[in-house]
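Here is the structure we will look at, set down as structure tokens.
Naming convention: chains lettered A, B, ... in sequence-line order (proteins, then strands); numbering from 1 in each chain.
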Number of protein chains: 2
Amino acid sequence: MAGSRKEHLLETALKLFNQHGFHATGIDRVQAESGVSKTTMYKYFRNKDELIRAVLEMRHEQFGKWFTSRVIKISRESYPDHPYGKLMSMFDAVSEWIHSDTFFGCNFINASAEFSDFQHPIHVYAAQHKLEWSEYIRGCVSGVSEAEADEMAKEILLLLDGAIVSAHTTGLKDSAERAQRMMLLILQNSTAEVLD
Amino acid sequence: MAGSRKEHLLETALKLFNQHGFHATGIDRVQAESGVSKTTMYKYFRNKDELIRAVLEMRHEQFGKWFTSRVIKISRESYPDHPYGKLMSMFDAVSEWIHSDTFFGCNFINASAEFSDFQHPIHVYAAQHKLEWSEYIRGCVSGVSEAEADEMAKEILLLLDGAIVSAHTTGLKDSAERAQRMMLLILQNSTAEVLD
DNA sequence: GGTCAAGAGTACAGATCGGTACACTTTGTG
DNA sequence: CACAAAGTGTACCGATCTGTACTCTTGACC
């Protein structure tokens, strides 16, 4: 298969970028550990930045599918009649992620940390990723005005990001549960009706 | 002065690390922009990791002094009779920081993103930094049990970190105000009495 | 079986990396 | 003035970095 080779390369790169960061991971090491020859690598991606970009795009897709499907399943199983079931489930899913052995924080937060310049295309892409998640969250909120839904989505994203960062830097693995409790308190004080 | 040379070196290194990250900033560039000769640099710090560590230690001191003094002043000026004056002021101070032109996110979050390995001394130091801030916040909470105060401090730190990361990755500069509103809602639902 | 694209393997270029060696200069002090 | 500490300037080391060139091999398809 043609795709699987490329995918395997991207998977390997993602793993290495996660473990050692983007700058600290050399092209040679990606080549060596993926088994894909350097010639082929540079046929797929013109340079390292394009590889990083492609890795983030794959991660965006991959994480998106995993997360949204987990949210649906957890929502059905754990919060069948809960008014904020989907929103609650997001924190459960993040908690699962945090407790997994492949947790190295959020790739996009890490990327914007390494490519700190706001103008850098990779930083811009990371911002766009967060924007898309904000819109996804927004889609799980209803019964309030547009402006209110936007605001609530930003609040919940802030809680999720806070939980992820907290878990990554300090190693506190219960931060998703903490953020979940906070969200619940906030929702109970809003007039929102929320889809489950 | 002996100290000022070292300080100037550390300040220059901090600026470069902020703008371009730790790995992407070469020793040569720190040398060139600081004006301090390489020989002297390596007399102060045995290697790059020690330089990074020293930069973070300086930043810890520097930010700590700035932040705590801002909190005291803002608390007095803006929340003279507010029950949660100090806690409120923390978010105002972070907002000021976010709006400044020297905002590149939290150095310690960024450091733990680049030195992703939990065992790495720099990651450990970043975690310790967060722990100390958690204790500072805890010192601004009273009227609740020890366990409850610990939990509240962790919650507030999560909100602050979430605001900082959100502002850095997406460029949303109003995230501190958002986090502040969330904290207020949470405090109003707790039984805490808080020192101002 | 012949053809041709895709990939492997590798050598290498040019730059930069962290770090060292060493000779020279400045500066403070008795 | 003498002397020692501290700092400068620079050349250089070996390693590693991104990226390119070129040959050899494999395998699919006609």
Side-chain angles (χ1 to χ4, degrees), chain A residues 1-58 110-111 113-117 120-123 125, chain B residues 1-58 110-111 113-117 120-123 125:
Chain A
M1 243 180 279
S4 79
R5 181 178 304 275
K6 198 169 176 177
E7 274 175 37
H8 177 242
L9 171 61
L10 288 172
E11 291 283 0
T12 308
L14 174 61
K15 194 191 74 184
L16 290 172
F17 288 154
N18 264 327
Q19 286 175 347
H20 309 103
F22 297 100
H23 286 102
T25 304
I27 288 287
D28 282 359
R29 187 157 182 195
V30 176
Q31 188 275 316
E33 295 207 16
S34 68
V36 177
S37 78
K38 222 168 173 182
T39 320
T40 308
M41 277 188 55
Y42 275 92
K43 202 172 288 176
Y44 290 146
F45 314 105
R46 277 181 297 181
N47 49 49
K48 191 182 180 181
D49 273 16
E50 275 199 16
L51 171 64
I52 293 174
R53 167 72 184 231
V55 165
L56 290 177
E57 281 174 1
M58 181 195 66
N110 294 350
E114 283 207 47
F115 302 93
S116 198
D117 182 6
H120 196 290
I122 291 177
H123 193 120
Y125 182 70
Chain B
M1 243 181 281
S4 80
R5 182 177 303 274
K6 199 168 175 178
E7 274 175 36
H8 178 242
L9 172 61
L10 288 173
E11 291 282 0
T12 308
L14 174 62
K15 194 191 73 184
L16 290 172
F17 288 154
N18 264 328
Q19 286 176 348
H20 309 104
F22 296 99
H23 286 102
T25 304
I27 289 287
D28 283 359
R29 187 158 181 193
V30 175
Q31 187 275 316
E33 295 207 17
S34 69
V36 177
S37 79
K38 222 169 173 181
T39 318
T40 308
M41 279 188 53
Y42 276 91
K43 202 171 286 176
Y44 291 146
F45 313 105
R46 278 181 296 181
N47 50 48
K48 191 182 181 182
D49 273 16
E50 275 199 16
L51 171 64
I52 293 173
R53 167 73 185 232
V55 165
L56 289 177
E57 281 174 1
M58 181 195 66
N110 294 350
E114 282 208 46
F115 302 92
S116 199
D117 182 6
H120 195 290
I122 291 177
H123 193 119
Y125 183 69

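Judged purely by distance below 3.5 Å, without hydrogens or angles, the side chains of A/H23 and B/E114 never pair a donor atom with an acceptor atom.
In this structure, the separation between CE on A/M58 and CG on A/L14 is 4.5 Å, given to the nearest 0.5 Å. Taking CZ of B/F45 as the start and CG of B/L51 as the end, the distance is 5.5 Å to the nearest 0.5 Å.
Per the geometry, CE belonging to B/M41 stands 18 Å off P belonging to D/dA6, to the nearest Å. Counting to the nearest Å, the P atom of D/dT20 and the CD atom of A/Q31 are 15 Å from each other. Put simply, NZ on A/K6 is 14 Å from C1' on C/dA6, counting in whole angstrom units. Whole-Å rounding puts the B/K43 NZ to D/dT8 C1' distance at 10 Å.
Panel note: side chain B/T40, backbone B/V36; no donor-acceptor pair is recorded below 3.5 Å. With B/S116 contributing its side chain and A/H20 its backbone, the two residues share no donor-acceptor pair below 3.5 Å.
Listed by residue number, there are no residues of residues 10-21 of chain B with a heavy-atom contact under 4.0 Å to DNA chain C.
For A/T40 and C/dG7, the shortest distance from a side-chain N or O to OP1 or OP2 is not below 4.0 Å. Side-chain nitrogen and oxygen atoms of B/Y44 include none within less than 4.0 Å of the OP1 or OP2 phosphate oxygen of D/dA6.
Every residue meeting the side-chain contact (heavy atoms from CB on, under 4.5 Å) condition with A/K15, not counting sequence neighbours, appears here in chain and number order: A/Q19, A/E33. Checked against side-chain hydrogen bond (donor to acceptor under 3.5 Å, both in side chains), B/S34 has no partners two or more places apart in sequence or in another chain. Here A/Y42 pairs with A/I27, A/K38 under the side-chain contact (heavy atoms from CB on, under 4.5 Å) rule; sequence neighbours left out.
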### Query
Under the side-chain contact (heavy atoms from CB on, under 4.5 Å) criterion, do A/H123 and A/D117 qualify, and how do the steps go?
CA-CA 7 Å; A/H123 193 120; A/D117 182 6; over 6 Å; no
### Chi angles and distances behind the side-chain contact (heavy atoms from CB on, under 4.5 Å) call for A/L56, A/F22
CA-CA 11 Å; A/L56 290 177; A/F22 297 100; 4.2 Å; yes
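Considering only heavy atoms from C-beta on, A/R53 stays 4.5 Å or farther from A/D49 through its side chain.
Across the helix from C/dG1-D/dC30 to C/dG30-D/dC1, the helix axis at one end is tilted relative to the axis at the other end by 10° (nearest 10 degrees, each axis from five pairs).
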## Note on the structure
B/S/- along nucleotides 18-29 of chain C (protein heavy atoms under 4.0 Å) is SBBBB-------
